Amino acid sequence: ATFFGAEAIGFPEDLGTLAAGKLADIQILDLDPLADIRNTNSVRFVMINGELFDANTMAQLWPVERPAPDRFWVDDTPPSR
């Protein structure tokens with residue numbers, strides 16, 4: 001299905017199948033999703049455009065280690081009493 005989608009948008013040389021030199025975004029799971037569909041929630045790493053990230057923090061791990069960007073929607077301020 002992904003090959004035909006890549007072909008439909010004119011990028012079958014770059015997308016749609018796994019092969020050396022093609023672009024790929026992948027998720028690496030801790031648990032087997034075939035054993036239990038709930039295991040799809042066990043994402044450990046994410047690769048986007050050839051860069052590897054920690055899925056929980058989105059800190060970049062490879063090719064350069066970088067902390068995750070600030071998330072404006074997260075407020076780490078302790079509640080006032």
Side-chain angles (χ1 to χ4, degrees):
T2 58
F3 172 76
F4 294 117
E7 188 176 50
I9 62 171
F11 291 101
E13 300 84 21
D14 300 315
L15 307 170
T17 59
L18 293 177
K22 287 195 172 186
L23 302 173
D25 294 344
I26 60 173
Q27 296 178 350
I28 301 167
L29 307 177
D30 280 332
L31 302 170
D32 183 0
L34 298 176
D36 186 341
I37 192 64
R38 291 177 190 91
N39 291 342
T40 57
N41 290 327
S42 69
V43 180
R44 169 68 63 96
F45 302 108
V46 176
M47 183 166 276
I48 304 168
N49 295 326
E51 298 174 340
L52 186 66
F53 297 87
D54 179 289
N56 291 316
T57 66
M58 288 309 289
Q60 186 174 336
L61 304 174
W62 190 88
V64 177
E65 288 191 29
R66 288 187 199 146
D70 289 334
R71 300 172 293 173
F72 67 89
W73 63 91
V74 175
D75 182 6
D76 292 326
T77 307
S80 59
R81 295 184 178 204

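Note: hydrogens, waters and symmetry copies are ignored here, and every other heavy atom, side chains too, is used. Here the structure is a predicted model, which means the values were calculated and not measured.
- No donor-acceptor pair closer than 3.5 Å links the side chain of Asp32 to the backbone N or O of Asn39.
- Not one N or O on the side chain of Thr57 forms a donor-acceptor pair closer than 3.5 Å with the backbone of Ala68.
- A distance of 5.5 Å separates CG in Asp25 from CG in Asn49, rounded to the nearest 0.5 Å.
- Atom-to-atom distance recorded for Leu18:CG and Phe3:CZ is 13.5 Å, nearest 0.5 angstrom.
- Taken to the nearest 0.5 Å, the CD atom of Glu51 stands 6.5 Å off from the CZ atom of Arg66.
- Going from atom CD1 of Ile28 over to atom CE of Met47 covers 6.5 Å, rounded to the nearest 0.5 Å.
- Side-chain contact between Gln60 and Pro63 is present, with heavy atoms from C-beta onward closer than 4.5 Å.
- Hydrophobic cluster membership is shared by Ile48 and Leu29, with clusters built from Ile, Leu, Val, Met, Phe, Trp and Tyr side chains linked at under 4.5 angstrom.
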- Task: Test Thr17 against Lys22 for side chain to side chain contact (heavy atoms under 4.5 Å, CB included), laying out the working first.
- Result: CA-CA 8 Å; Thr17 59; Lys22 287 195 172 186; 2.5 Å; yes

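- The heavy-atom pair separating Leu31 from Ser42 by the smallest distance is N-OG, 3.0 Å.
- Remark: Asp30 engages Arg44 in a salt bridge, criterion side-chain N to carboxylate O under 4.0 Å.
- The neighbour count for Asp70 CG, taken as heavy atoms of other residues, nucleotides or ligands under 6.0 Å away, does not exceed 12.
- Residues Phe53 and Leu61 are not in side-chain contact: their nearest non-hydrogen atoms beyond the backbone lie 4.5 Å or more apart.
- Looking only at side-chain heavy atoms (C-beta outward), Leu15 and Ile9 come within less than 4.5 Å of each other.
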